[in-house]
Amino acid sequence: MVKDKKTKPSKELPLGFVDRKEKELLIRDFVISNIKEVMIKYGFQYLETPSFEYTDSIGKFLPDKERPDSGVFSFKDENKWISLRYDLTAPLARYVAKNYLEIPKPFKRYQLGSVWRNEKPGPGRFREFLQFDADYVGTKNLQADAELCVLISEILEKCGLDKKDYTVKISSRKLTDKLFEKLKITSKDQVSTTLRALDKIDRLGWEEAKKLLGEGRKDKSGDYTKGAKLSNDQIKKIETTLQGKIPDSEDISEILEIFKAYNFKNYKFDPSVIRGLEYYTGPIFEVNLNFQIKNLKGQTIQFGSIGGGGRYDNLVSNFGNLDCPATGISIGLDRLVFALMQKKDFKIKSTRPVIICVFDKDKIKEYVGILNKLRALNISSEIYPGEGKLKKQMEYANKLGSPAVILYGDNEIKSGKVTLKNLESGNESSIKIEELANEIKKLL
RNA sequence: GCAGCAGUAGCUCAGUUGGUUAGAGCACUAGUUUGUGGAACUAGGGGUCGGUGGUUCGAAUCCACCCUGCUGUACCA
């Protein structure tokens, strides 16, 4: 006895992967078209690199490891490990190193593409998502860093956000480096724990973050996280230094000067911005939304940043003896789209076709005649593609969200006119075939 | 990874000391209307009650383990 039910394939998706429907995709297209416009305006080149890279090219092989770390999706191809990229920055560094002699320096490129992360998904975070990256490669000039902030903000506003809806936070890795040196926080472990604790200030607040700098912290689910075990004296000094409103870092002051020249004001100096631990070497930025985000159940969730970046002057040199400073910024597009859908009531133009109802299969010639006239004018339209009575056809059109149906049965054929029914108002009008397209355009 | 909560129809959920063929609303299908959707009425389909094992005459209900989801936390190169 074989139970065939057990052999049926699962209709569930792997953890962290999602289907995306038309509404979201259309808003994403809208965002992407804004991005492209801005990037062209700012003089960036469009680039695409493949989804897979050799695992060691994207920095996944640590000296003492033979297998890729968890965090990337990998498999062994012949004898080499390859992985799905986890960001667009490492592939860019690889691309620059590979094509160093051909590309103009500085090199400005932007890229849109999916990236994959093999880790636990969170609210609004998936294991496959679309990222946008803009980078300046081959320049130490901080105008590049400043312009990235300006450009990201232009993109956000073009997508419909107000100035009060977002903030570009800026800090510098040099600031914390200097501070830690002064406080003699030198062990690698302590430095990274401290940085991570500081990274959480804006989410947890100073009081909670201080626990992480000291002994440790118990979160509201009861889980306990070990702290950096700094002395009270060190903690106090960190607090007073980082709460100072005046940036004690030359690169930040310089960027702020450039912001003035651009008349860019929607930034905030925030020393708690840390961003990843490894490759940043100078200014770092993070883009945060200032409005609440809810999940599909209507609960307000911790949304985090929608993008960020910074200067990584040593990344390209990993691939060879190239002295090639660089700086870049990226946006998580799907998260931005998710947030935008809550903020703005997007009026996405209907893409649903007008339906030509079928009364009689033998009249196909008449129906196609009307269809061709509409499609010649780029009006989305179709002859009812199913089988069934008029009622069923109306239900189909309604559920689809069609703007209108066209009725062309015996009565209409006799009178030489068609009936156009507006599905929103329910009104029907009898019009000449030659005027049909114009009437429909009024509805769209 | 750690912690809290939760898994009953496509969806939202009810099912209160364990007791016949497991329910509701919405959705779906058909009809009332052989040329009219979004309203109403009638009828109907659809569930190994997350899984496995155990306790019991009997389990959606009790016990154990596992799986999955949500949220928080950690990690996020």
Side-chain angles (χ1 to χ4, degrees), chain A residues 3-6 10-16 18 55-62 65 68-72 74 83 85-87 89-90 93 115-127 129 192-193 195-197 199-200 203-204 208 211-212 216-227 274-280 294-305 308 312 315 318 332 355 357-360 363 384 388-413 418-428:
Chain A
K3 288 185 179 174
D4 63 342
K5 210 162 192 178
K6 296 223 163 166
S10 172
K11 57 182 190 257
E12 304 306 322
L13 289 168
L15 177 68
V18 286
T55 302
D56 57 353
S57 306
I58 54 176
K60 251 353 262 183
F61 277 120
L62 301 173
K65 293 207 172 153
D69 277 355
S70 60
V72 287
S74 309
S83 300
R85 63 188 175 204
Y86 61 83
D87 71 7
T89 311
V115 301
W116 295 266
R117 297 193 181 181
N118 191 0
E119 56 193 37
K120 189 204 152 189
R125 298 182 58 157
F126 303 101
R127 297 210 291 177
F129 56 97
S192 68
T193 312
L195 282 173
R196 271 182 266 129
D199 200 19
K200 295 180 180 83
R203 187 150 47 85
L204 303 175
E208 293 300 310
K211 290 181 190 165
L212 285 171
R217 171 179 179 266
K218 200 177 185 176
D219 69 57
K220 68 181 175 186
S221 69
D223 194 25
Y224 187 80
T225 310
K226 270 198 232 161
I274 303 294
R275 307 283 313 161
L277 301 175
E278 287 311 318
Y279 59 63
Y280 290 120
K294 292 179 175 161
N295 66 9
L296 299 175
K297 290 183 177 173
Q299 301 162 299
T300 300
I301 52 175
Q302 288 286 354
F303 197 65
S305 70
Y312 49 99
L315 191 58
N318 283 346
I355 310 294
C357 292
V358 175
F359 288 86
D360 180 351
K363 298 280 172 12
Y384 175 65
K389 293 184 265 198
L390 189 58
K391 179 188 167 96
K392 206 170 166 189
Q393 304 188 28
M394 297 294 294
E395 281 171 354
Y396 167 78
N398 184 54
K399 186 156 192 179
L400 206 60
S402 252
V405 295
I406 290 163
L407 304 176
Y408 195 59
D410 288 342
N411 301 345
E412 284 82 5
I413 291 172
V418 297
T419 302
L420 178 66
K421 174 159 182 163
N422 179 332
L423 282 180
E424 206 181 321
S425 66
N427 294 338
E428 289 183 18

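Since this is a predicted model, take the numbers as computed values, not measurements. Quick note on labels: first sequence line is chain A, next is B, and so on, each numbered from 1.
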- In dot-bracket form, how is RNA chain B paired, counting a Watson-Crick or G-U wobble pair only if both its distances are under 3.5 Å and using | for bases paired to another strand? (((((((..((((.....[...)))).(((((.......))))).....(((((..]....))))))))))))....
- Between A:Asn422 and A:Tyr86, the residue closer to the 5' end of RNA chain B by nearest nucleotide is A:Asn422
- Note on the structure: Of A:Gly16 and A:Thr225, the one whose nearest nucleotide on RNA chain B sits closer to the 5' end is A:Gly16
- Check each of A:Arg217, A:Lys200, A:Lys218 against A:Glu208 using the side-chain hydrogen bond (donor to acceptor under 3.5 Å, both in side chains) test, and report the only one that passes. A:Arg217
What about [X], does its side chain sit under 3.5 Å from the base of [N] through a donor-acceptor pair?
X: A:Glu412; N: B:G35; value: yes
X: A:Asn398; N: B:G37; value: yes
X: A:Asn411; N: B:G35; value: yes
X: A:Arg117; N: B:C75; value: no
X: A:Glu428; N: B:U36; value: yes

Rounding to an integer number of angstrom, what distance separates [N] and [M] when you compare their [atom1] atoms?
N: B:A60; M: B:U52; atom1: P; value: 12 Å
N: B:C11; M: B:U48; atom1: P; value: 12 Å
N: B:A6; M: B:G50; atom1: P; value: 14 Å
N: B:C75; M: B:U12; atom1: P; value: 33 Å
N: B:U29; M: B:G46; atom1: P; value: 16 Å
N: B:A77; M: B:A14; atom1: P; value: 41 Å

- Message: With the stacking rule set at 5.5 Å and 30°, tell me whether A:Tyr279 counts as stacking on B:A77.
- Response: no
- Item | Length of the CG-C1' vector between A:Leu423 and B:G37, whole Å | 7 Å
- Report the distance from atom CZ of A:Phe126 to atom P of B:C76, rounded to the nearest whole Å. 22 Å
Any donor and acceptor pair, going by atom type alone, linking the side chain of [X] with main-chain N or O of [Y] inside 3.5 Å?
X: A:Arg85; Y: A:Ile58; answer: no
X: A:Tyr279; Y: A:Ala90; answer: no
X: A:Glu424; Y: A:Pro403; answer: no

Any base atoms under 4.0 Å from [X], or only sugar-phosphate, or nothing? Heavy atoms, all strands.
X: A:Leu407; answer: base
X: A:Arg85; answer: nothing
X: A:Val72; answer: base
X: A:Gln393; answer: nothing

- Any chance you could measure A:Asn318, atom CG, to A:Asp56, atom CG, to the nearest 0.5 Å? 11.0 Å
- Note on the structure: The reported gap from CZ in A:Phe359 to CG in A:Leu407 (rounded to nearest 0.5 angstrom) is 4.5 Å
- Give a yes/no on whether any side-chain N or O of A:Arg203 is located under 4.0 angstrom from OP1 or OP2 of B:A74. yes
- Query: Between A:Lys200 and B:C75, does any side-chain N or O lie under 4.0 Å from OP1 or OP2?
  - Reply: yes
- Query: So do the side chains of A:Ile413 and A:Tyr408 get within less than 4.5 Å of each other, counting heavy atoms only?
  - Reply: yes
Collect all protein-nucleotide pairs involving nucleotides 26-32 of chain B in which both atoms are nitrogen or oxygen and the distance is under 3.5 Å.
residue	atom	partner	partner atom	Å
B:G31	OP1	A:Lys389	NZ	2.9

- Using a cut-off of 6.0 Å, state whether more than 12 heavy atoms not belonging to A:Glu428 lie near its atom CD. yes
- Message: My understanding is that only residues two or more places apart in sequence, or in another chain, count here; which of them pass side chain to side chain contact (heavy atoms under 4.5 Å, CB included) with A:Glu395?
- Response: A:Lys391
- Message: Quick one about A:Glu412 and A:Thr419 (side-chain donor to acceptor, distance below 3.5 Å, no hydrogens or angles considered), yes or no?
- Response: yes
